[in-house]
Each structure stands twice: as C-alpha cells, then as structure tokens.
Number of protein chains: 2
Amino acid sequence: MPAAPTPRPPSLTERTIEAVRDGIRNGTFVPGELYSVYQLADRLAVSRSPVREALLRLAETGMVTIEKNRGFRVVLPGARELAEIMAVRVALEVPAAAHAARRAGPQDREALEKEREAMQQAVLDGDEGTFLLHDQHLHGLLLNLAGNSRTIRIIANLRDATRLVGMSTIRTSRSLEEVYAEHLPILTAVEHSDAEAAARAMRRHLESTGKLLLRGAATENDDVDRLWEDYVG
Amino acid sequence: MPAAPTPRPPSLTERTIEAVRDGIRNGTFVPGELYSVYQLADRLAVSRSPVREALLRLAETGMVTIEKNRGFRVVLPGARELAEIMAVRVALEVPAAAHAARRAGPQDREALEKEREAMQQAVLDGDEGTFLLHDQHLHGLLLNLAGNSRTIRIIANLRDATRLVGMSTIRTSRSLEEVYAEHLPILTAVEHSDAEAAARAMRRHLESTGKLLLRGAATENDDVDRLWEDYVG
DNA sequence: TGCGTAGTAGTAACATGTTACCCATGGCGA
DNA sequence: TCGCCATGGGTAACATGTTACTACTACGCA
C-alpha cells in the first residue's frame with residue numbers, strides 16, 4: 001500500500017467536513033436550507049475556525065454555497081452542473097481506463113475482481129449504498145493504476161459533489177443491475193490488457209450512468225441528451 | 001461579461017497568495033528553501049490566519065509544500081509532476097478546443113484574434129513574459145468558449161503550478177516563434193468551425209510545448225518521451 | 001398603501017492567545 | 001565513537017476576541 005500520507009488523527013477541520021457530509025446524507029442538512037456557521041460550531045462543540053475552513057473547502061468542491069453574512073446552504077447540483085462534472089470525468093477517466101489496462105498486473109486484477117464481487121453481492125442484496133461504495137472503489141482502483149495523482153484528486157472532489165444525487169437517483173431507477181453490467185466490459189478489457197476496449201467501455205459506462213444522473217436532476221426545461229452533447233460531446 | 005463574481009476588494013488571504021506568487025517569480029522565495037509562516041506574516045504585516053489559509057491553498061495546488069511544524073517550501077515541479085499536469089491538460093483542453101470550434105461566434109473569434117496579435121507582437125519583441133501571458137489568455141478564451149466552469153477552474157490551478165517552470169524553460173529554448181506557430185492551426189480550425197482539426201491541433205500543441213517543459217525539468221534519469229507516453233499516452 | 005431609512009441581528013474576515021507537538025541539537029553515559 | 005535522551009526553538013491547529021459589513025425589519029413619512 002502506497003497510502004498513509006497522513007497517519008495522524010484527522011484534524012477537527014476534516015472531522016467537520018465529514019460531519020457535514022454525513023449530515024447531508026442522513027438528512028440533518030436539508031438542501032436549500034440556510035444554516036448558521038456559528039450554530040454548527042456549537043453543535044459540533046468546536047470553535048468557528050475549523051468549521052469555517054471546512055465549509056470553505058466544501059464550497060470549493062461545490063457541495064455547499066456560502067452566502068455572505070447569512071450562512072451556508074447545501075446544494076444539490078442541477079443538470080447543468082452534473083453535465084459539467086460528467087464531462088470532466090469522461091475526459092479524465094476514459095484515458096485512465098486505457099492506461100490502467102496497459103499497466104495492470106496480476107495483483108491489480110485481483111483487487112479489481114474483489115471489488116467486482118462486492119458489487120455483485122450488493123446488487124443481489126439490493127443495497128445501493130454498498131453498491132455505490134464499491135463502484136467508487138473500483139473507479140478509484142483504475143485511477144490509481146493509471147498513476148496520475150492529480151487526476152485522482154480531481155475525480156475525488158467531483159465525486160463528492162455527486163454522491164448525494166447518485167444515492168437517490170440510482171435507487172428510484174432500480175438499475176443497479178444495469179450499472180453493474182456496464183462495468184464488466186471494462187474489467188474484461190483490463191484483463192486482456194486491451195486499452196482501446198477499456199476506453200470504449202469506460203466511455204459507454206460513464207455516458208450511460210451519467211445520463212441516468214442527469215435525468216434524475218433534470219427539470220422539465222432540461223433536455224438531457226442535448227446537455228450531454230453540449231458538455232461532453 | 002459574465003464575470004465579476006467578486007467585485008469586492010481582495011481579502012488578505014488572496015493578497016497573501018498573490019504576494020507569495022510574486023515572491024516566487026522575483027526570487028524572494030527560493031525553491032527548496034524553508035520559510036517560516038510566522039515571519040512571512042510579520043513581513044506582510046498581517047496576522048497568521050490569512051497567511052495560513054493562503055499557504056494551505058497554495059499547497060493544494062502543489063505550488064508549495066507544508067512541512068509539519070517546520071514551515072513551508074516552494075516546490076519546482078519535477079518532470080514527473082509536469083507529465084501528470086500535462087496529461088490532465090491534454091485530457092481536458094483537447095475536447096475543449098473541439099467544443100470551442102463548434103461554438104465560437106464572430107465576437108469570440110475577434111477576441112481570439114486579438115490575443116494572437118498580442119502574442120505575435122511579443123514574439124517580435126522577444127518578451128517571453130508577455131508572450132506567456134497572452135498564451136494563457138488564449139487558452140483561457142478557448143476554455144471559456146467550451147463553457148465548462150469546472151474545467152476552467154482545474155486548468156487555472158494547474159497553470160499556477162507550472163508558470164514558474166514555463167518562464168525559465170521557454171526562454172532558454174528560444175522557441176517563442178515555434179510555440180507561437182503551433183497556435184495558428186488551432187485558431188484556423190476555430191475559424192472554420194472544424195472541431196476535429198481544432199482538437200488535433202491542440203493536442204499537437206500541448207504535446208510539443210509539454211515536452212519542452214519536461215525537458216526543461218528533466219534530470220538525467222528522466223526519459224522525457226517515455227514519461228510522456230506513460231502519463232499522457 | 002408604498003417607500004426610504006434607521007435599527008438590529010448575524011456574519012466574514014482577521015487578530016491574537018493557547019496548547020500540544022515535532023524536530024534538531026547537544027550533553028552524557030556506555 | 002556511538003547512541004540515547006532531555007531541552008528548547010518553532011510551528012500546526014484550534015479557541016476566542018474584535019471589527020466592519022450586510023441583509024433583513026420595522027417604523028415613519030408621503
């Protein structure tokens with residue numbers, strides 16, 4: 001494991017970030033509602049400094065917006081934002097998949113296979129939370145294989161902004177099985193060290209699930225396919 | 001102009017970021033040297049809070065590293081880092097150029113033409129500082145045309161990390177003229193709304209100047225072409 | 001009723017105090 | 001000579017105080 005760049009206990013700032021994320025997931029923070037930074041600091045029993053920093057970072061990723069002298073709001077990304085995000089993901093993850101296919105060694109494939117199995121199990125259990133978790137792990141493994149740390153960081157940030165939408169979307173669309181199936185060609189291509197095929201499969205996967213996300217967030221004014229064409233092309 | 005999201009005076013944090021950038025450019029901060037956050041705060045006559053935040057942000061972009069309980073250092077990206085950065089730029093800017101070609105209107109082309117002229121003048125003057133400035137403006141215009149705000153932000157961050165290297169590299173290689181010439185096919189393609197050609201030209205440009213940068217930063221252990229192949233592919 | 005305006009609550013941004021921690025150094029004993 | 005540990009300088013992270021704004025509110029005037 002090349003990990004462990006931060007073996008020391010998470011700072012209050014980091015814990016606050018996590019707390020806000022959790023709060024968003026479990027409904028403590030309702031998207032659109034206005035919240036006070038001071039009160040949040042009180043609730044978490046920390047001072048305003050780490051809370052302030054945490055919110056600034058979350059705002060950078062687009063997860064919350066800060067309204068000057070008013071407080072902060074949790075933001076659900078709209079269809080346009082999601083289209084932008086998916087455009088970046090496609091641009092970065094498609095070539096990353098190709099690289100991964102070229103560079104994967106036996107132990108890498110084993111790790112991928114493990115995630116695949118976990119995903120499959122989650123499908124059988126109908127557990128979309130676990131499914132999304134392993135889905136992200138799998139994409140993370142591929143990015144790690146590609147070896148570009150900048151890409152990894154960028155995608156991690158984007159993921160944050162979409163996770164919330166993903167949860168609700170994928171559930172209502174009942175397509176765990178389909179999304180799972182889309183991963184298989186990617187893994188097969190990696191298995192065969194076929195970079196071209198891996199890229200194609202990844203693109204297809206991102207397009208498919210991306211449009212699913214877009215549809216979940218689209219209003220009647222949004223033309224999902226047109227948005228996709230405009231941003232991702 | 002859809003700009004002006006921050007019409008208010010820059011905060012001390014922002015001014016500190018700028019101060020550090022300037023300091024790096026004009027040699028006040030020597031790469032590799034260790035500097036004290038406290039002393040920097042004193043020197044700028046501000047408190048530690050904004051300086052701390054500024055350095056944290058700069059550290060995120062990779063421009064400086066923070067050594068725990070020791071201070072901070074300015075980092076010159078190595079060949080590997082540059083390869084990673086260029087990989088991201090290629091992945092994002094090549095499709096962006098295609099989009100830009102599709103969407104450019106008359107006034108957009110006029111703006112691009114203005115930058116081209118300014119670049120040309122800078123070439124004639126042998127002024128690589130001005131040249132790089134307009135080069136960045138031109139790339140910025142294309143990204144704006146493509147319309148993805150995430151992409152814009154990401155590239156802006158990457159630029160920061162490379163600017164320093166670019167300055168010294170492009171001067172020694174005396175290739176202002178060549179780099180300028182590489183932009184022309186891109187602009188021609190945009191003029192003709194030829195997305196494919198724009199993408200090709202942008203890729204070629206980024207590959208050429210990217211390798212130039214890599215060579216400038218490479219040690220005897222680095223094989224530039226191999227690095228490029230590994231990361232950008 | 002409509003509108004400007006003083007008043008008020010609440011905050012962003014910054015300054016400063018505090019604590020625990022890390023690292024380098026030098027003395028000391030084996 | 002080498003390794004160990006106490007010590008002190010210096011910092012990261014956090015807590016808290018302070019100030020200048022900003023957006024809302026309500027009041028009074030037309």
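Here is the naming used below: chain letters follow the sequence lines, and residue numbers restart at 1 for every chain.
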- Interatomic distance, Arg52(A) CZ vs dT16(C) C1' [rounded to whole Å]: 15 Å

- Under-3.5 Å donor-acceptor pair between Ser49(A) side chain and dT16(D) base: yes

- Roughly, in whole Å, what's the span from CZ in Arg73(A) to P in dG10(C)? 16 Å

- In whole Å, what is the span from the CG atom of Asn69(A) to the P atom of dA23(D)? 7 Å

- Where the side chain of Leu12(B) is concerned, which of dA15(C), dC14(D), dT11(D) is the nearest nucleotide? dA15(C)

- Could you state the CD-C1' distance from Glu53(B) to dA13(C), rounded to the nearest angstrom? 9 Å

- Please check if the side chain of Tyr35(B) supplies one atom and the backbone of Val30(B) the other of a donor-acceptor pair under 3.5 Å. yes

- Item | Under 3.5 Å: donor-acceptor pair, side chain of Glu67(A), backbone of Arg73(A) | no

- Item | Tyr38(B) OH - dA12(D) C1' separation (whole Å) | 8 Å

- Message: Nearest to the Pro50(A) side chain among dC14(D), dC14(C), dA13(D), which nucleotide is it?
- Response: dC14(D)

- In whole angstroms, the gap separating C1' of dC22(C) from CD1 of Ile66(B) amounts to 15 Å

- Query: Between Lys211(B) and Glu207(B), is there a salt bridge with N-O shorter than 4.0 Å?
  - Reply: yes

- Specify the separation, in whole Å, of atom NZ of Lys68(A) and atom P of dT22(D). 7 Å

- Query: Rounded to the Å, how far apart are Phe72(A) CZ and dG10(C) P?
  - Reply: 16 Å

- How close do Arg43(A) and Thr28(A) get, heavy atom to heavy atom, and via which atoms? NH1-CG2, 3.6 Å

- Query: Does the side chain of Ser36(B) get closer than 4.0 angstrom to OP1 or OP2 of dT11(D) through an N or O atom?
  - Reply: yes

- Message: Does Arg48(A) contact dG17(D) through a side-chain donor or acceptor facing the base, at a distance under 3.5 Å?
- Response: yes

- Give a yes or no on whether the backbone of Thr219(B) and the side-chain of Asp222(B) come within a donor-acceptor separation of less than 3.5 Å. yes

- What nucleotide, of dT16(C), dA24(C), dA12(C), holds the atom closest to the side chain of Arg70(B)? dA24(C)

